Amino acid sequence: MSNYSHHSRQSTDKTYALKSSRNNDDREGMQKPLESKESSLAASPKLGSVLVSMNLITEEDLVKAIQRGIAKKTLLGELLVSEGVITHVDLAKALCEQYNLEYLDLDAVILNRAAAKLLPEKIARKFLLLPIEAKDGVTTLTSYDPIQLVKLDNLKAYLTGTIVLKVSTKQQIENALNKIYAAENSSVDKIVTHLAKKQGERKSTYNSNLTATLTTGKDNTPSIESLVNKFLEKGITDRASDIHIDPADGKVRLRIRIDGILHEFYTYPVELHAAVVSRIKVLAQLDISEKRQPQDGRFHHASGPIPVDIRVSTLPTVHGEKLVMRILDKDKMKGNLIQVGMSPEMESAVQTLLLQPHGMIFITGPTGSGKTTSLYSMLNQVNGIEKNIITAEDPVEFKFDIINQVQVNEKAGLGFAGLLRNILRQDPDVIMIGEVRDRETADLAIRAALTGHLVLSTLHTNNAISTPNRLIDMGVEPFLISSALTAVIAQRLVRVLCPHCKQKIQLTDEDVKLLGTSALQVGHLVNGPVGCDQCMHSGYSGRIALFELLIVDEHIRRSIMDRESEVETLKHVVLSGFISMRQDGVYKIAAGITSVEEVLKATL
């Protein structure tokens with residue numbers, strides 16, 4: 001943990017001595033200054049009292065706001081800003097008053113890019129910290145939340161000496177960081193210009209020798225390697241799920257997919273495309289001489305803002321090879337179902353189902369609906385040294401400790417069905433099948449569930465209720481389905497409203513009719529998208545899942561055996577408290593998480 005010594009409160013700025021952690025002998029003695037700093041901040045007046053003393057709210061407003069904050073599990077300052085009671089500047093100045101710090105208006109400051117780069121972009125963006133100046137062993141740092149600094153271990157590796165702390169608004173810091181790192185585009189321009197000039201000097205098209213030369217990049221000159229790294233860093237920093245490199249007539253278009261939507265980031269001359277493709281193929285250990293057949297590979301990228309795995313897919317097109325690089329962030333797979341959008345009540349029910357020693361649980365939805373993330377979250381729940389967990393995946397996207405993951409290889413004759421037969425000889429407790437695609441795999445999976453194994457898998461269906469009929473259509477016997485099937489979870493992804501620009505709107509009569517719910521009435525205030533610099537003017541930032549959970553009870557087992565229609569099954573489950581994805585979406589609209597348009601687009 002970073003250690004600071006607390007200086008006099010008479011100073012306008014609060015100054016902390018940050019000692020380097022390289023000397024292990026000093027660590028024990030360094031804990032006391034830190035404790036005194038924490039106790040000093042804890043002894044500061046409460047934010048609510050400060051807001052009242054500044055006449056920004058009344059005592060009555062404070063009591064009510066605290067109650068709302070507890071109910072919504074939201075911090076007081078963030079709550080009041082989101083409700084429009086106070087502004088971001090009011091909150092920043094109140095924090096300055098609370099901790100005896102100076103307010104810094106970042107909009108009036110000329111940004112020092114050299115000082116800002118003292119912190120890696122990942123750290124600066126994650127904690128919204130911005131170094132303003134570094135001079136004579138003193139670093140001036142601005143933050144929107146002073147109290148978080150005492151909890152940051154990350155700073156000790158980058159900042160030494162003395163820190164002068166100031167406070168700016170959250171929006172100002174985000175805007176400043178965007179301005180600083182927007183300069184990355186200009187560095188891409190420089191690399192492309194240099195490589196294009198290099199190509200012109202040779203007066204030839206890109207052959208294998210030139211490709212090798214550009215990829216090497218000697219003497220720290222711009223190279224194809226540095227160009228590809230810039231593309232990867234851009235995708236990782238902007239939270240992209242995929243990077244698309246699309247050749248066309250005379251140029252190559254680079255697009256990144258953010259929250260399910262493709263955005264064009266850059267275009268570069270088509271003459272550089274062969275070298276870019278070769279560089280990525282080398283990283284992914286693919287055949288650089290093969291350009292007529294699709295190829296798949298992967299590599300680990302550790303030099304960017306966040307270490308990630310990259311899955312590469314190539315496809316020959318009329319204009320050349322198209323590449324898609326999927327960014328696989330392991331941190332996203334370490335969460336639980338609540339973090340991906342499941343309600344606590346539903347998550348508790350799923351946990352109970354996962355404790356059962358046998359049975360079949362399906363996660364259903366179309367491609368790109370987040371099934372893999374939910375499946376891995378469930379594996380995290382059951383993973384442990386006392387269990388033998390084996391997976392059959394195509395492809396293996398994330399690697400886990402203890403879990404035995406097997407890659408499907410259809411070309412080698414190792415499909416899901418063949419793998420499953422061999423997995424059953426390995427004494428498994430839990431089996432995860434990436435996808436049930438045919439009758440043979442479905443039969444084997446269901447029989448495994450009937451013989452004392454917990455089986456998790458995915459299936460492409462429109463909703464949870466249609467899953468039994470989909471299995472019957474595959475040719476699986478209804479009595480097997482009714483005996484083995486434990487539960488079905490259906491899901492869809494919707495975009496989350498940008499917290500910086502969302503605004504209150506009134507529901508119209510048409511909205512209420514389309515949503516088909518009595519939970520929201522005409523004129524009810526909900527949040528809607530606006531668009532700002534923080535969300536690329538889309539109005540959304542991030543995605544969350546809508547869920548529905550069908551637990552198979554005796555009535556549903558009988559309906560499967562009798563091959564009842566989905567309508568009949570739906571009548572029963574609605575009476576038993578079943579919550580559909582549309583209803584889950586309505587709850588998330590009411591909570592201000594997503595918009596009416598997103599829910600209507602994602603659900604039937």
Side-chain angles (χ1 to χ4, degrees), residues 298 309 311 328 330 332-337 340 342 347 350-365 367-410 414-438 440-461 464 467 470-471 474 476 481 484-491 545 547 549 552:
R298 65 189 298 153
D309 287 332
R311 197 175 79 204
L328 307 172
K330 289 184 179 180
K332 294 180 180 178
M333 296 296 111
K334 295 178 181 178
N336 54 45
L337 291 168
V340 297
M342 187 173 284
E347 195 264 352
V350 172
Q351 279 191 346
T352 302
L353 293 168
L354 292 173
L355 292 175
Q356 296 183 7
H358 56 81
M360 183 91 194
I361 301 176
F362 276 109
I363 298 180
T364 74
T367 302
S369 60
K371 298 189 298 296
T372 300
T373 302
S374 296
L375 205 54
Y376 281 148
S377 297
M378 292 168 69
L379 284 179
N380 278 328
Q381 297 282 334
V382 298
N383 191 14
I385 196 68
E386 73 283 357
K387 290 185 178 179
N388 180 21
I389 303 175
I390 306 179
T391 74
E393 305 175 60
D394 183 23
V396 175
E397 293 197 0
F398 299 90
K399 297 176 183 177
F400 291 89
D401 292 333
I402 308 175
I403 296 176
N404 304 286
Q405 296 171 270
V406 185
Q407 171 73 54
V408 169
N409 189 344
E410 298 284 358
L414 197 62
F416 280 112
L419 263 180
L420 193 49
R421 289 191 187 92
N422 288 282
I423 287 172
L424 289 171
R425 302 188 189 110
Q426 292 286 317
D427 184 32
D429 297 297
V430 181
I431 302 170
M432 190 273 270
I433 305 169
E435 182 184 348
V436 171
R437 297 174 178 172
D438 51 50
E440 186 179 12
T441 306
D443 267 332
L444 287 168
I446 287 176
R447 291 181 188 277
L450 290 172
T451 54
H453 306 91
L454 178 63
V455 182
L456 310 176
S457 188
T458 70
L459 195 66
H460 290 282
T461 63
T467 299
R470 174 78 178 97
L471 293 169
M474 282 185 175
V476 183
I481 301 170
L485 191 61
T486 303
V488 182
I489 302 168
Q491 67 179 78
F547 289 99
L549 171 63
V552 179

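Note that the structure is a prediction, hence the values are computed from the model and not measured.
Remark: Val350 engages Leu337, Met342, Leu354, Met378, Ile489, Leu549 in a side chain to side chain contact (heavy atoms under 4.5 Å, CB included) (not counting sequence neighbours). With sequence neighbours excluded, the residues satisfying side-chain hydrogen bond (donor to acceptor under 3.5 Å, both in side chains) with Gln351 are Glu347, Gln381. Applying the side chain to side chain contact (heavy atoms under 4.5 Å, CB included) test to Ala442 and every residue at least two apart in sequence or in another chain returns Val436, Leu471, Met474, Val476. Contacts of Asn383 classified as side-chain hydrogen bond (donor to acceptor under 3.5 Å, both in side chains), with partners at least two apart in sequence or in another chain: none. Residues satisfying the side chain to side chain contact (heavy atoms under 4.5 Å, CB included) criterion with Ala490, sequence neighbours excluded, are Thr364, Ala464, Glu548, Met581. Applying the side chain to side chain contact (heavy atoms under 4.5 Å, CB included) test to Asp438 and every residue at least two apart in sequence or in another chain returns Glu440, Thr441.
When all heavy atoms of Gly384 and Ile389 are compared, the closest pair comes out as N-CD1, 4.5 Å. Shown here for Gln405 and Val396, the closest heavy-atom pair between the two residues is NE2-CG1, 3.6 Å. Closest heavy-atom contact between Ala392 and Phe416: O-CE2, 3.2 Å.
Annotation: the span from Ile363 atom CD1 to Thr372 atom OG1 amounts to 8.5 Å, rounded to 0.5 Å.
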For residues 449-460, tabulate all N or O donor-acceptor pairs below 3.5 Å that involve a side-chain atom, not counting sequence neighbours.
| unit_1 | atom_1 | unit_2 | atom_2 | d |
| --- | --- | --- | --- | --- |
| Thr451 | OG1 | Arg447 | O | 3.0 |
| Thr451 | OG1 | Ala448 | O | 3.1 |
| Thr451 | OG1 | His453 | ND1 | 3.4 |
| His453 | ND1 | Ala448 | O | 2.9 |
| Ser457 | OG | Ile433 | O | 2.8 |
| Thr458 | OG1 | Gly434 | O | 2.6 |
| His460 | ND1 | Gly365 | O | 3.2 |
| His460 | NE2 | Glu435 | OE2 | 3.2 |

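For residues 374-396, the set of pairs meeting the salt bridge (Lys or Arg N to Asp or Glu O under 4.0 Å) definition, not counting sequence neighbours, comprises Asp394-Arg437.
A distance-only check finds no donor-acceptor pair linking the side chain of Arg421 to the backbone of Leu444 [under 3.5 Å]. Side-chain atoms of Asp429 come within 3.5 Å of backbone N or O of Asn388 as a donor-acceptor pair. The closest donor-acceptor contact from the side chain of Gln426 to the backbone of Ile390 lies at 3.5 Å or more, if one exists at all.
Remark: Leu355 CG is packed, more than 12 non-hydrogen atoms of other residues, nucleotides or ligands lying under 6.0 Å away.
Inter-residue side-chain proximity for Phe398 and Leu328 is flagged as met; some heavy-atom pair is nearer than 4.5 Å.
Looking at Ile481, Thr461, Val488 one by one, the single match for side chain to side chain contact (heavy atoms under 4.5 Å, CB included) with Arg470 turns out to be Thr461.
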